[in-house]
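Notes follow the structure.
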There are 2 protein chains.
Amino acid sequence: MKKLFPLVTADIALFTVHEGSLRVLLGKRANAPELGKWALPGGVLDPASDSDLDDTARRVLSSKIGVDVAFLDQVATFSGAARDPRGWSLSVLYYALLPRDQVPAVAGNKTEAVEWRDAFAPGSRLAFDHAKLVEAALTTLRSKVVSAALPLHLLPERFTLTELQRTCELILGHSLDKSVFRRRLKSEPSIVQLEGEFLYGAQRPAQLYRAAADFRF
Amino acid sequence: MKKLFPLVTADIALFTVHEGSLRVLLGKRANAPELGKWALPGGVLDPASDSDLDDTARRVLSSKIGVDVAFLDQVATFSGAARDPRGWSLSVLYYALLPRDQVPAVAGNKTEAVEWRDAFAPGSRLAFDHAKLVEAALTTLRSKVVSAALPLHLLPERFTLTELQRTCELILGHSLDKSVFRRRLKSEPSIVQLEGEFLYGAQRPAQLYRAAADFRF
DNA sequence: TCAATAGTGTCTCTTAGACAATATTGA
DNA sequence: TCAATATTGTCTAAGAGACACTATTGA
């Protein structure tokens, strides 16, 4: 007998920047089906406790991964009879961004096996259709970088323009012109200069910035 | 007792151009809840016959409205416990485009009450959260017009550049410069000039064009 | 001829892109 | 001083926007 209801889940592509590359978090599946394969973190909707699917996604990240992300948004919905051996399933895919200085929090927390994989090459044999999901999340992420200040969500609270540029470059996959990049930021209200605060290194100090107070997206 | 499974539906914002404005199709609800209110066409997923949710959407359009659309794409997914009095529900919202010369086919077919409403003012008291859904579909539609040749799906097979421009203007809600518009189309491979074919009216004849054979988007 | 719309040309201004030049630190 | 990176400036070319101009039909 066929099931009358689909399995409804929220899956999350959690991105961060780690060791100089854009990463996505994968977990090793501890249950059948696809036991032992790597998959995006996700969980089944619980109508009793989730007021909507965003809730489901946040609950999964909080309980399974141990992080509460500031930024979470939908990518698309994947559905069908063929994508999960248990039968008809529907996954709403989210993408979330974790500031790179919060990466250690993830590694420490859990006994379950999780890995930060290179987002552009997350591995060849992911569970279910998750290779496709990663691809889709990456496309959405990229499309947002062009116009918006989205990558602020991947940076620490205080950052330099060079750091912001590097982050954009990592996501886009190609280098940007320093001069052009800075010129555009001049008219970007979501980026605020921290008057008199600098990052000191082995060279000329770099001006520090922060996201505007009302910065949301 | 709470339900353990959400109600999964596909809702469709079917757009067309009619009498000089952008329209969206609404149907009068014939069942409770929200009986008598106007809503986007939609239907419950049938796992037995739908291979994925796109299938559900196409089935709804075909059976309830009587059209098979060429273009159908996702907008976003709306979910939660509060949006439908029957309980936890999840709707994947699609938008579809109907060429304006196929509008009569819809009107004729059905005994159920359907109306082509102005997409920017579909009415104040739509069923459920459908006013929000229309808004979201409209935003997506607009965002696609800027860069792409999407409005081709709203035009007859053969069309003039002025017709194409008017259609873009209807969607965007503001007028476009003729010269700029045509200049951009010069480098648009999805639009093909029909050599020697013209539309004759009460003035200078207009060159006819068609969408490129491989045009999908 | 005129009205009406199709289609083209031209000017300016903004901005992207490339790249050079300058500035400021620690070593 | 030099190495390294931050920050700014300059030139050019492409494109957007505004708007004027020409073209071609039916009445």
Side-chain angles (χ1 to χ4, degrees), chain A residues 17 20 100 142-152 155-156 158-210, chain B residues 17 19-20 100 142-152 155-210:
Chain A
V17 171
R100 58 162 203 233
R142 272 195 181 164
S143 73
K144 302 288 181 182
V145 171
V146 186
S147 61
L150 189 69
L152 293 188
L155 293 175
R158 307 178 335 139
F159 54 87
T160 69
L161 294 189
T162 301
E163 288 174 328
L164 179 55
Q165 185 179 341
R166 294 279 169 273
T167 305
C168 290
E169 290 173 341
L170 282 177
I171 297 171
L172 294 173
H174 60 80
S175 61
L176 300 170
D177 184 274
K178 194 167 41 169
S179 172
V180 175
F181 187 78
R182 282 159 186 261
R183 201 158 50 198
R184 290 222 309 232
L185 293 188
K186 287 265 167 66
S187 53
E188 179 57 69
S190 50
I191 290 168
V192 179
Q193 179 177 340
L194 287 165
E195 199 73 42
E197 299 192 44
F198 296 91
L199 177 67
Y200 295 89
Q203 64 280 73
R204 174 173 175 175
Q207 176 67 53
L208 282 168
Y209 294 79
R210 63 168 172 80
Chain B
V17 171
E19 290 174 355
R100 58 163 203 232
R142 272 193 181 166
S143 72
K144 301 288 182 182
V145 171
V146 187
S147 62
L150 190 69
L152 293 188
L155 294 174
E157 240 184 87
R158 306 177 337 141
F159 55 87
T160 69
L161 293 190
T162 300
E163 289 173 327
L164 179 56
Q165 184 179 342
R166 293 280 169 273
T167 305
C168 290
E169 289 172 342
L170 282 178
I171 297 172
L172 294 174
H174 60 81
S175 62
L176 300 170
D177 184 273
K178 190 167 48 166
S179 174
V180 174
F181 187 79
R182 284 160 186 258
R183 203 158 49 196
R184 290 222 309 233
L185 292 188
K186 288 267 166 66
S187 53
E188 179 55 69
S190 51
I191 289 167
V192 180
Q193 180 178 338
L194 287 164
E195 199 72 44
E197 299 191 46
F198 297 90
L199 178 67
Y200 295 89
Q203 63 281 74
R204 174 173 175 177
Q207 175 68 53
L208 284 168
Y209 293 79
R210 63 167 172 80

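Naming: A, B, ... by sequence-line order, numbering from 1 per chain.
Nucleotide dG17(D) holds its C1' atom 16 Å from the CG atom of Leu172(B), rounded to whole Å. The CZ-P distance, from Phe181(A) to dT5(D), rounds to 18 Å in whole Å. Rounded to a whole Å, the CG atom of Leu185(B) is 14 Å from the P atom of dA6(C). In this structure, OH of Tyr200(B) is placed 18 Å from P of dT5(C), rounded to the nearest angstrom.
Looking only at side-chain heavy atoms (C-beta outward), Arg100(A) and Leu155(A) come within less than 4.5 Å of each other. Within the 4.5 Å cutoff, the side chain of Arg158(A) has no heavy atoms near those of the Tyr209(A) side chain. By the 4.5 Å heavy-atom criterion applied to side chains, Leu164(A) and Leu185(A) are counted as neighbours. Using a 4.5 Å heavy-atom threshold, the side chains of His174(B) and Leu176(B) count as touching.
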Base-contact (B) and sugar-phosphate-only (S) positions in nucleotides 7-16 of chain D, heavy-atom cut-off under 4.0 Å, - elsewhere: BBBB-----B
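Rounded to the nearest 0.5 angstrom, Gln193(A) CD and Lys186(A) NZ are separated by 9.5 Å. One finds the CG atom of Leu199(A) at 9.5 Å from the OG1 atom of Thr162(A) (value rounded to the nearest 0.5 Å).
Nearest-nucleotide mapping onto DNA chain D: of Glu163(A) and Gly201(B), the residue sitting toward the 5' end is Glu163(A).
Using a 4.0 Å cut-off between a side-chain N of Lys or Arg and a carboxylate O of Asp or Glu, Arg210(A) and Glu197(A) do not qualify as a salt bridge. Between Arg166(A) and Glu169(A), at least one side-chain N (NZ, or NE/NH1/NH2) sits under 4.0 Å from a carboxylate O, which counts as a salt bridge.
Between the axis at the start and the axis at the end of the helix from dT1(C)-dA27(D) to dA27(C)-dT1(D) there is an angle of 10°, using five pairs per end and rounding to 10 degrees.
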